[in-house]
Structure formats: C-alpha cells, structure tokens
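Okay, so here's the structure we're looking at.
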Amino acid sequence: MPHAAVRAVQASVVDVGRHQLLVSAVTFITVFTLVFSLLSARLNRIMSRISFFSRKALGSEQPMVEGGNQLLALEDWVKQFIAWCAKPAKRCGSSMNSRCRSRRP
C-alpha cells in the first residue's frame with residue numbers, strides 16, 4: 001500500500017474524529033444551556049409562588065418584583081418580615097419584664 005494512500009486515510013480518520021468531537025461539544029453545550037435555563041425558570045416560578053403564598057398568608061401588600069433577582073428580593077422581604085415580627089416581640093418582652101418586676105416583693 002502506498003504511503004500517500006495511508007496518509008490520506010489517516011487524515012480522513014483524524015478529520016472525522018475532529019468533526020465528531022466538535023459535534024459532541026456543541027451538543028453538550030446546547031443541552032447544558034437548555035437544562036440550566038429550564039431549571040432557572042422553574043426556580044424563578046417556585047420563588048414567585050413562595051413569595052405569593054407568604055404575602056397571602058401574612059396579609060402583606062408588598063409589591064411583587066417582576067424583574068431582577070428574585071432571591072435578592074426575597075432576602076430583602078425576609079429581613080423586613082423579621083423586623084416586623086421583632087417589634088411585637090420586643091414590646092411583649094418589655095411589658096413582661098415590667099410585670100415581673102412589679103410582682104417581686
């Protein structure tokens with residue numbers, strides 16, 4: 001078999017291998033991007049539902065953030081909720097302390 005024919009077959013095999021590698025890389029990137037996008041959309045919907053149900057349960061009229069990072073918006077809302085819950089707890093704690101002091105002999 002002539003060396004030129006062997007080199008041509010080798011080059012052909014290398015080209016086919018490169019083509020298959022390129023196709024598999026593009027397929028992997030496309031599938032990864034699609035899965036990541038679908039998961040991101042699903043998480044965004046879940047975060048919106050959590051926010052909606054928590055506002056509904058608490059009777060809060062806080063506006064819903066349609067754009068931007070839902071996690072940051074939820075984090076801000078949780079901080080506001082904790083501050084809202086802490087106010088009555090502080091009042092209750094201070095009134096309880098004054099009652100306890102008045103009962104001491």
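All values below come from the heavy atoms of this structure, side chains included, with hydrogens, waters and symmetry mates left out. Note that this is a predicted model, so its numbers are computed, not measured.
Applying the side-chain contact (heavy atoms from CB on, under 4.5 Å) criterion to Thr27, with sequence neighbours excluded, gives Val23, Val31. With sequence neighbours excluded, the residues forming a side-chain contact (heavy atoms from CB on, under 4.5 Å) with Ile46 are Arg42, Ile50, listed by chain and number. Evaluation of the side-chain contact (heavy atoms from CB on, under 4.5 Å) rule for Thr33 yields Ile29, Ser37 as partners, not counting sequence neighbours.
If you chain together ILVMFWY residues whose side-chain heavy atoms come under 4.5 Å of each other, Leu34 ends up grouped with Leu38. Through direct or indirect side-chain contacts shorter than 4.5 Å among Ile, Leu, Val, Met, Phe, Trp and Tyr, Leu22 is connected to Val26.
Classification of the Phe36-Phe32 ring pair by plane angle, with boundaries at 30° and 60°, yields parallel.
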Distance-only check: which donor-acceptor pairs under 3.5 Å involve side-chain atoms of residues 3-19, not counting sequence neighbours?
none

